[in-house]
Amino acid sequence: YQPDQAEYEERHLRYISPLGKGNFGSVELCRYDPLGDNTGELVAVKRLQPNKQSNMADFQREIRTISSLHCDYIVKYRGICYSMGRLSVSLVMEYLPYGSLIAFLEKKRQVITPRRLLLFASQICKGMEYLQSRRVVHRDLAARNILVASDSLVKIADFGLTKIIPSDKEYYRVSHPGESPIFWYAPESITDFKFSHKSDVWSFGVVLYEIFSFCNHHLNPKLCTQKIGPHAQGQSISMHLINLLKGNWRLPAPQLCPPQVYSMMTACWAYESENRPTFSSLGEMIESYVQDEREG
Ligand SMILES: C[C@H](Nc1nc(-c2c[nH]c3ncc(Cl)cc23)ncc1F)C(=O)NCC(F)(F)F
């Protein structure tokens, strides 16, 4: 039995199938099977795209970040695997069999209750509260980056874009526009490339929207593109979106979304970052709402 040791020998890591493409790497399902009898554990292995050495520094940072996080609501680091004679390294993580939250919600939308959606929301909130306690800003919080461990447990994953907030600052400013779709970004991240716990709160509001619209494609945040009109491209899409947000336009409440949950979303979408709730206060709001529902 292999406890979660830090180094995996490549010769025992058996490739099974591709899981998906991430920010700058791809993730594969493998079995770590040193006994060679198929009793080894299934793991998710993230490999850096070989030709992008420039990302090696980012990948090393991702490994350093995820290996320092210990929380039930964050995908677990298992270790690393050197290959090509320690020239290249892969990140070994726990494998979550139910896959991404988007696929799960679309498949199970008929049988999932709003109560279960709130449970998922409170778990994501607790995971984000933990990240905030470690001064880690995720920068890419979206339903596509949430994994499902079981029918009643979800975990935050994909730490490829995270930044650590310096102790003397409230936010992190990156030098280039983000690569993610702008609909998950807070206004200050779009206009000034500023990222903070408060911009993660904005994205959490969008994740709430995704969860309560069951990641229903025709209702997903691209909705505002129709609002903006297909003619706008690139930079001007951002400026259109910013002007809509300044004019207090927000994504509409998804069908079947309880009013208390929609008011949480709109609280996360306060234009000024300092007016947004903290993850701990959001956690309390969700708990109190679940409590009321139970008593109601
Ligand atoms: C690029 C990889 N993409 C995918 N991964 C998985 C997956 C299932 N089960 C998994 N167990 C552990 C991991 Cl790390 C991934 C998966 N399923 C579909 C994907 F498209 C990924 O990391 N996505 C980010 C995040 F993990 F947050 F969903």
Side-chain angles (χ1 to χ4, degrees), residues 23 121 124-125 127-129 131-132 135-146 156 158-166 168-213 215 219-254 257 261-283 285-286:
N23 289 307
I124 297 164
C125 197
M128 290 310 296
E129 218 176 313
L131 283 187
Q132 177 162 349
R135 300 186 69 78
V136 172
V137 174
H138 190 282
R139 292 188 58 232
D140 202 9
L141 185 58
R144 64 180 176 276
N145 287 332
I146 304 292
I156 300 164
D158 202 344
F159 291 81
L161 295 178
T162 55
K163 297 287 182 190
I164 315 275
I165 297 276
D168 62 329
K169 285 177 71 179
E170 281 297 295
Y171 63 85
Y172 195 99
R173 187 192 292 269
V174 294
S175 53
H176 50 79
E179 290 85 31
S180 301
I182 54 175
F183 302 109
W184 281 265
Y185 278 161
E188 69 275 8
S189 305
I190 296 175
T191 56
D192 308 315
F193 312 152
K194 281 166 72 172
F195 291 86
S196 66
H197 300 307
K198 292 295 189 186
S199 57
D200 275 352
V201 165
W202 177 288
S203 305
F204 178 76
V206 181
V207 170
L208 275 181
Y209 178 89
E210 292 184 277
I211 289 176
F212 279 86
S213 48
C215 297
L219 279 182
N220 81 2
K222 285 186 188 51
L223 185 84
C224 23
T225 326
Q226 284 125 28
K227 190 97 183 150
I228 292 166
H231 59 283
Q233 290 304 328
Q235 172 62 28
S236 59
I237 273 198
S238 314
M239 288 331 292
H240 268 83
L241 180 56
I242 290 292
N243 292 333
L244 280 175
L245 294 172
K246 274 183 178 156
N248 248 348
W249 177 84
R250 292 297 184 273
L251 287 164
C257 177
V261 177
Y262 188 59
S263 59
M264 272 194 286
M265 291 182 210
T266 49
C268 294
W269 298 332
Y271 195 90
E272 299 303 330
S273 60
E274 56 273 8
N275 297 338
R276 294 171 207 153
T278 59
F279 283 112
S280 46
S281 62
L282 281 164
M285 282 186 235
I286 297 173

As an exercise, state the distance from [atom1] of [X] to [atom2] of [Y], rounded to the nearest 0.5 Å.
X    : Y    : atom1 : atom2 : answer
S203 : N145 : OG    : CG    : 10.5 Å
I286 : I124 : CD1   : CD1   : 8.5 Å
I164 : R135 : CD1   : CZ    : 9.5 Å
L141 : W184 : CG    : CH2   : 11.0 Å
S199 : R139 : OG    : CZ    : 8.5 Å

Is [Y] close to [X] at the side-chain level, that is, under 4.5 Å between some pair of heavy atoms?
X    : Y    : result
I211 : I146 : no
T162 : D140 : no
Y171 : V137 : no
M285 : C125 : no
T278 : K198 : yes
M128 : D200 : yes

Which atoms form the tightest heavy-atom contact between [X] and [Y], and what is the distance?
X    : Y    : value
S281 : P277 : OG-CB, 3.4 Å
D158 : H138 : O-NE2, 3.1 Å
S238 : I182 : CA-CD1, 3.9 Å
M265 : C257 : CE-SG, 3.6 Å
A121 : L208 : CB-CD2, 3.6 Å
Y209 : L251 : CE1-CB, 3.7 Å

Give a yes or no on whether the backbone of [Y] and the side-chain of [X] come within a donor-acceptor separation of less than 3.5 Å.
X    : Y    : answer
R250 : T266 : no
Q132 : H197 : no
N243 : M239 : yes

Could you please spell out the steps behind the side chain to side chain contact (heavy atoms under 4.5 Å, CB included) verdict for F195 and V174?
CA-CA 8 Å; F195 291 86; V174 294; 3.6 Å; yes
Evaluate the ring planes of F204 and F279, with Trp represented by its six-membered ring, and classify them as parallel (under 30°), tilted (30 to 60°) or perpendicular (over 60°).
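Plane angle over 60°, so perpendicular.
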Would you please classify the geometry between the W269 ring and the W202 ring as parallel, tilted or perpendicular, with 30° and 60° separating the classes?
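Tilted.
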Could you pull out all residues at least two apart from F212 that satisfy ring pair (Phe, Tyr, Trp, His ring centres under 6.0 Å)?
none
Would you give me the side-chain donor-acceptor pairs under 3.5 Å for residues 185-194, sequence neighbours excluded?
{"residue": "Y185", "atom": "OH", "partner": "S180", "partner atom": "N", "Å": "3.4"}
{"residue": "E188", "atom": "OE1", "partner": "R276", "partner atom": "NH2", "Å": "2.8"}
{"residue": "E188", "atom": "OE2", "partner": "R276", "partner atom": "NH1", "Å": "2.8"}
{"residue": "S189", "atom": "OG", "partner": "K194", "partner atom": "O", "Å": "2.7"}
{"residue": "T191", "atom": "OG1", "partner": "P187", "partner atom": "O", "Å": "3.1"}

